[in-house]
There are 2 protein chains.
Amino acid sequence: MPVPLPARTESPRARRRGELCVRLMAAAEELLDDGVTLADLGVDRLTQQAGVSRSSFYVYFEDRADLMRLWFSSVVDEIVEATRGWWAVGPAPDRGAVRDALGAIVTVYRLHARLMAATFDAATHDADLRRLTDVLISESVDGLRRHIIRGQKAGWVDPGLHPESCATHLTWMAERTFNQLLPGAPPRAVTQLTETYTYIVWGVLYRRVD
Amino acid sequence: MPVPLPARTESPRARRRGELCVRLMAAAEELLDDGVTLADLGVDRLTQQAGVSRSSFYVYFEDRADLMRLWFSSVVDEIVEATRGWWAVGPAPDRGAVRDALGAIVTVYRLHARLMAATFDAATHDADLRRLTDVLISESVDGLRRHIIRGQKAGWVDPGLHPESCATHLTWMAERTFNQLLPGAPPRAVTQLTETYTYIVWGVLYRRVD
DNA sequence: GTCCGCTCGGACACCTCGTCCGGACGTTCT
DNA sequence: AGAACGTCCGGACGAGGTGTCCGAGCGGAC
């Protein structure tokens with residue numbers, strides 16, 4: 001008697017979809033590194049680069065945006081997880097701790113910088129993809145907002161700043177600078193970005209007024 | 001004997017091109033206000049909204065990006081001009097003066113918010129348009145960078161911050177928050193944006209360390 | 001050996017883009 | 001008045017990419 005629910009860990013269909021997602025996005029990254037524009041990155045060229053037929057692509061994905069949605073979903077948790085270190089910056093915030101926390105976010109983001117930038121670009125034209133990027137942004141804003149409010153109640157963040165608005169500004173700044181500056185950036189530039197990011201966040205949120 | 005250079009103020013051809021640009025971009029703004037996506041804003045629908053035939057469109061413009069380039073070029077000077085007030089914030093910077101200067105930038109930007117956001121989106125796919133947006137960004141970064149250096153030499157800006165990197169971060173923050181938050185924002189939200197923008201810039205650049 | 005699932009290439013209709021052309025209209029010059 | 005000119009329009013066209021569909025081939029499982 002065979003297993004009633006044969007290997008319910010994952011549908012072979014879904015597994016194959018996942019495998020192809022990895023392969024195709026890796027191919028996309030190669031092409032983007034070679035200077036191919038996202039607009040010129042059609043399904044044809046993409047599948048060709050990955051060594052998969054175009055018809056097979058449409059077996060597993062609705063369209064190019066569907067592929068990017070799947071990839072993005074798997075990465076967004078990674079990013080969100082990396083931001084948790086920031087919220088842990090507790091009472092009596094230390095500048096070194098803040099830099100380490102922000103540096104960890106930058107490091108994680110950098111791993112996917114080129115594809116993240118491409119995803120945010122593609123989100124302009126695909127409503128579903130746009131919803132996913134919005135989730136990442138709003139979760140970041142929300143986490144930072146609560147962090148700010150906690151700090152204000154505890155007295156180590158200026159009570160005069162507007163938590164929601166300030167969190168929004170800092171989040172958009174991070175998103176934009178990451179996507180604009182990180183793809184293909186040399187280590188030196190990454191360090192500089194982290195430093196300035198820290199400088200601004202520190203100056204806006206934690207610096208003692210005295 | 002007729003005029004050798006008949007009314008050399010402006011070619012009638014170029015004038016007509018300018019008129020159509022205004023009409024078409026106004027039509028584009030209407031459609032975007034009605035919730036039409038930039039991706040769905042084809043030449044067909046655009047010209048139909050403006051009451052111009054599609055064939056006439058191609059007489060005066062290479063493609064949709066060409067239209068947007070012409071419009072953007074005419075508006076970028078306006079924006080750059082508005083930022084000059086910021087650089088004028090002189091020795092012994094006053095918080096009220098900073099808010100007024102940044103508020104002026106927000107006010108000007110707001111006039112074109114929806115179309116500016118659309119232009120930055122379209123710049124993703126059109127290299128020439130991208131170059132134009134990059135000019136706006138890099139001019140802003142450059143102006144701010146020089147402003148920072150001037151302040152550092154005069155002693156009213158922290159010499160410890162990196163002028164280029166910091167200017168880049170603040171500029172991208174402004175671009176992103178403007179394009180994301182200003183389109184269709186009620187006056188209350190605009191005020192809040194200006195306040196937070198001022199709060200951050202003040203805290204990062206001018207606040208006395210004491 | 002036969003069935004089943006997967007992959008592939010190719011063909012197809014569809015859409016948008018950018019080009020091109022002939023006809024219609026109004027103005028200007030003779 | 002009539003001719004010449006510029007402008008606009010609708011329509012037709014090919015090119016290129018998208019998403020769908022089908023039949024052929026191939027390997028593993030029964």
Side-chain angles (χ1 to χ4, degrees), chain A residues 1-4 6-7 10-24 27-28 31-32 36-70 118 121-122 124-129, chain B residues 1-4 6-8 10-24 27-28 31-32 36-70 118 121-129:
Chain A
M1 177 183 190
V3 187
E10 192 179 16
S11 153
R13 192 48 193 247
R15 171 165 40 243
R16 182 68 178 136
R17 185 173 137 95
E19 289 171 5
L20 281 179
C21 178
V22 172
R23 241 170 92 185
L24 287 163
L31 289 171
L32 291 172
V36 176
T37 314
L38 180 62
D40 296 333
L41 194 54
V43 176
D44 206 343
R45 203 195 291 223
L46 181 61
T47 52
Q48 197 170 342
Q49 175 78 12
V52 187
S53 77
R54 206 171 68 93
S55 34
S56 290
F57 176 89
Y58 282 105
V59 171
Y60 293 95
F61 304 99
E62 286 226 353
D63 50 26
R64 199 189 62 180
D66 186 31
L67 166 69
M68 300 185 78
R69 285 195 296 267
L70 181 63
D121 283 346
T124 302
H125 312 291
D126 183 77
D128 293 323
L129 191 51
Chain B
M1 178 182 191
V3 187
R8 220 355 150 215
E10 192 179 15
S11 152
R13 194 48 193 243
R15 170 164 42 242
R16 181 69 178 136
R17 186 172 135 96
E19 289 172 6
L20 280 179
C21 178
V22 172
R23 238 170 95 183
L24 287 164
L31 289 171
L32 291 171
V36 177
T37 314
L38 180 62
D40 296 333
L41 194 55
V43 176
D44 206 343
R45 202 194 292 223
L46 182 60
T47 51
Q48 197 170 341
Q49 176 76 14
V52 186
S53 78
R54 205 171 69 93
S55 37
S56 290
F57 176 90
Y58 282 105
V59 171
Y60 293 95
F61 304 100
E62 286 221 355
D63 50 26
R64 199 189 62 179
D66 186 30
L67 167 68
M68 301 185 77
R69 286 196 295 268
L70 181 61
D121 283 345
T124 302
H125 312 292
D126 182 77
D128 293 322
L129 191 51

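No experiment lies behind these values; they were computed from the predicted model shown. Convention: sequence-line order gives letters A, B, ...; per-chain numbering from 1.
With rounding to whole Å, A:Gln48 atom CD is found 13 Å from D:dT18 atom P. A:Leu67 places its CG atom 13 Å from the P atom of D:dT18, with the value rounded to the nearest Å. Between the CD atom of A:Glu62 and the P atom of D:dG19 there is a distance of 9 Å, rounded to whole Å. Across the protein-nucleic acid pair, A:Asp126 atom CG and D:dG19 atom P stand 10 Å apart, rounded to whole Å. Atom CG in B:Asp40 sits about 16 Å away from atom P in D:dT18, given to the nearest Å.
Both A:Arg54 and B:Leu20 sit near DNA chain D, but only B:Leu20 has its closest nucleotide nearer the 5' end. Residue-to-nucleotide proximity on DNA chain D shows that, of A:Ser55 and A:Asp44, the 5′-proximal contact is made by A:Asp44.
At a threshold of 4.0 angstrom between heavy atoms, the contacts of A:Val59 with the nucleic acid are absent. Nucleic acid contact class of A:Tyr60 (heavy atoms, under 4.0 Å, all strands): sugar-phosphate only. Counting any heavy atom pair closer than 4.0 Å across all strands shown, A:Phe61 reaches no nucleic acid atom.
The side-chain heavy atoms of B:Phe61 and B:Leu70, taken from C-beta on, include a pair separated by under 4.5 Å. Contact check for A:Arg64 versus A:Asp126: no side-chain heavy atoms found under the 4.5 Å cut-off.
Partner of A:Glu19 under the salt bridge (charged side-chain N to carboxylate O under 4.0 Å, His left out) criterion, out of A:Arg23, A:Arg16, A:Arg17: A:Arg16 alone.
Nearest heavy atom pair, residue A:Leu32 against residue A:Leu38, reads CD2-N, 4.2 Å. In terms of heavy-atom proximity, A:His125 sits nearest to B:Ala39 at ND1-CB, 3.7 Å. Residues A:Arg13 and A:Val59 come closest through the heavy atom pair NH2-O, 3.0 Å. What you find for B:Leu24 and B:Phe57 is that their closest heavy atoms are CD1-CD1, 3.7 Å.
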Determine, step by step, whether A:Tyr60 and A:Cys21 satisfy the side-chain contact (heavy atoms from CB on, under 4.5 Å) criterion, reporting the C-alpha distance in whole Å, the side-chain angles of both residues, the deciding distance to 0.1 Å, and the verdict.
CA-CA 9 Å; A:Tyr60 293 95; A:Cys21 178; over 6 Å; no
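Mapping heavy-atom proximity under 4.0 Å, the span of DNA chain C touched by chain B runs 5' to 3' from C:dC17 to C:dC20.
Here side-chain hydrogen bond (donor to acceptor under 3.5 Å, both in side chains) pairs that include residues 36-52 of chain B, with residues two or more places apart or in two chains, are B:Glu30-B:Gln49.
If one axis is set at each end of the helix from C:dG1-D:dC30 to C:dT30-D:dA1 from five pairs, those axes are 10° apart, to 10°.
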